[in-house]
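Here's the structure we're looking at; comments come further down.
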Amino acid sequence: MSSLPALPLAGSDLVTERLVLRDWSIGELAAVVRDERLAHWAEDFPADGDRVIAGFVAEQAGPSGVPGAYGHRLIVERGSGAVVGSISLLWPPSEGAVELGYGVVPSRRGHGYAPEAVSALVTAALALPEVTSVHADVDLANPASVRVLEKAGLHRRSDDGTVARFAATAATTVNEPTRR
């Protein structure tokens, strides 16, 4: 089992207007790793990125660990209960900064779910005393992902012509999520 300190938000859902960001269950991790489908998943979940994250989370959690201890969550539609993507903080912070990653399955893209989820997790992360900034790198060949980060309130900090780095600090967050 990893010796990383647990994310203080582990075990609590982040709820937005249309989404719930919740910890992966051990059963969900196992299903993704075994390439099995669960009934409460969108028809195109998991995507390739979700498979990578599930393997990483399963490795971090170990056989009896807590899957959500390090900031990896599923994105769930509140209305349908369907899992439509995943979102992660790469925990623990390095000098107060954490990196963010996310993905929404193709069938649910264009509905504003990604900016809603990003905004919620960034806001929650910046409320933690050990986090001073959240950043994400995006390939400029993926303009939809650039728009997600802009809509979520992150600001472009650098750009090398291929990859842009976006970041948020406590002064730049939007849309306070609720916890339950």
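The figures that follow rest on heavy atoms only: side chains count, while hydrogens, waters and symmetry mates do not.
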* Glu150, CD: over 12 other non-hydrogen atoms inside 6.0 angstrom -> yes

* Asked: What's the verdict on side-chain contact (heavy atoms from CB on, under 4.5 Å) for Leu21 and Ile75, showing C-alpha distance, side-chain angles and the deciding distance?
  -> CA-CA 5 Å; Leu21 309 181; Ile75 302 171; 3.8 Å; yes

* Structure fact -> One should read off an interatomic distance between Leu74 CG and Asp50 CG, to the nearest 0.5 angstrom, of 8.0 Å

* Yes or no on side-chain contact (heavy atoms from CB on, under 4.5 Å) for Ile53 and Tyr102, after CA distance, side-chain angles and deciding distance? -> CA-CA 10 Å; Ile53 290 298; Tyr102 58 90; over 6 Å; no

* Look at the aromatic rings of Phe56 and His72 and report parallel, tilted or perpendicular, splitting at 30° and 60°. => perpendicular

* Has the side chain of Arg37 got a donor or acceptor atom that lies under 3.5 Å from a matching backbone atom of Ala31? -> no

* To do: May I have the step-by-step check of side-chain contact (heavy atoms from CB on, under 4.5 Å) for Lys151 and Val118, ending in yes or no?
  => CA-CA 9 Å; Lys151 288 179 182 179; Val118 167; over 6 Å; no

* Taking all non-hydrogen atoms of both residues, which atom of Pro92 and which atom of Val98 are closest, and how far apart? -> C-CG1, 4.3 Å

* **Inter-residue atom distance Arg51.CZ - Ser86.OG, 0.5 Å rounding** => 11.0 Å

* Heavy-atom pair with the smallest gap, counting every atom of Pro93 and Val131 -> CG-CG2, 3.9 Å

* **Under 3.5 Å donor-acceptor, Asp139 side chain and Ala141 backbone** => yes

* Under a single-linkage definition using a 4.5 Å side-chain heavy-atom cutoff for Ile, Leu, Val, Met, Phe, Trp and Tyr, are Ile26 and Val52 assigned to the same hydrophobic cluster? -> no

* Could you state whether Leu100 and Leu126 fall into the same hydrophobic cluster, counting links through intermediate Ile, Leu, Val, Met, Phe, Trp or Tyr residues with side-chain heavy atoms under 4.5 angstrom apart? => yes

* **pair Glu43-Ser107: side-chain heavy atoms closer than 4.5 Å** => yes

* Got a donor-acceptor contact below 3.5 angstrom from the Thr123 side chain to the Ser119 backbone? -> yes

* Structure fact -> In this structure, CZ of Arg73 is separated from CG of Asp13 (nearest 0.5 Å) by 7.0 Å

* **Within one Ile-Leu-Val-Met-Phe-Trp-Tyr cluster: Leu38 and Phe45, side-chain cutoff 4.5 Å** => yes

* Identify the heavy atoms of Ala164 and Leu140 that sit nearest to each other, and give their distance. => CB-CD2, 3.7 Å

* Can you see which heavy atom on Leu14 is nearest to which on Ala120, and at what distance? => CD1-O, 4.0 Å

* Asked: Taking C-beta and beyond as the side chain, do Glu95 and Thr132 meet within less than 4.5 Å on heavy atoms?
  -> no

* Determine the minimum heavy-atom distance between Val20 and Arg78, stating which atoms define it. => CG2-CG, 3.5 Å

* Structure fact -> The salt bridge (charged side-chain N to carboxylate O under 4.0 Å, His left out) partners of Arg22 (sequence neighbours excluded) come to Glu28

* **Aromatic plane relationship, His111 with Tyr113 - under 30° parallel, 30 to 60° tilted, over 60° perpendicular** => tilted

* Asked: Which is it for Leu89 and Glu99 under the side-chain contact (heavy atoms from CB on, under 4.5 Å) test, yes or no, and what are the steps along the way?
  -> CA-CA 6 Å; Leu89 293 174; Glu99 186 172 356; over 6 Å; no

* Hey, does the side chain of Arg18 reach the backbone of Glu116 with a donor-acceptor pair shorter than 3.5 angstrom? -> no

* **Residue among Val138, Asp159, Val134 satisfying side chain to side chain contact (heavy atoms under 4.5 Å, CB included) with Phe166** => Val138

* Hey, does Val105 have a side-chain heavy atom less than 4.5 Å from the side chain of Trp41? -> no

* Asked: When rounded to the nearest 0.5 angstrom, what is the spacing between OG in Ser133 and CZ in Arg157?
  -> 8.5 Å

* Asp137: salt bridge (charged side-chain N to carboxylate O under 4.0 Å, His left out) partners, not counting sequence neighbours -> Arg165

* Asked: Are Leu121 and Val146 connected in the hydrophobic side-chain network, where two residues link if heavy atoms are under 4.5 Å apart?
  -> yes

* Structure fact -> Scanning both residues in full, the closest heavy-atom pair of Leu154 with Ala168 reads CG-CB, 3.9 Å

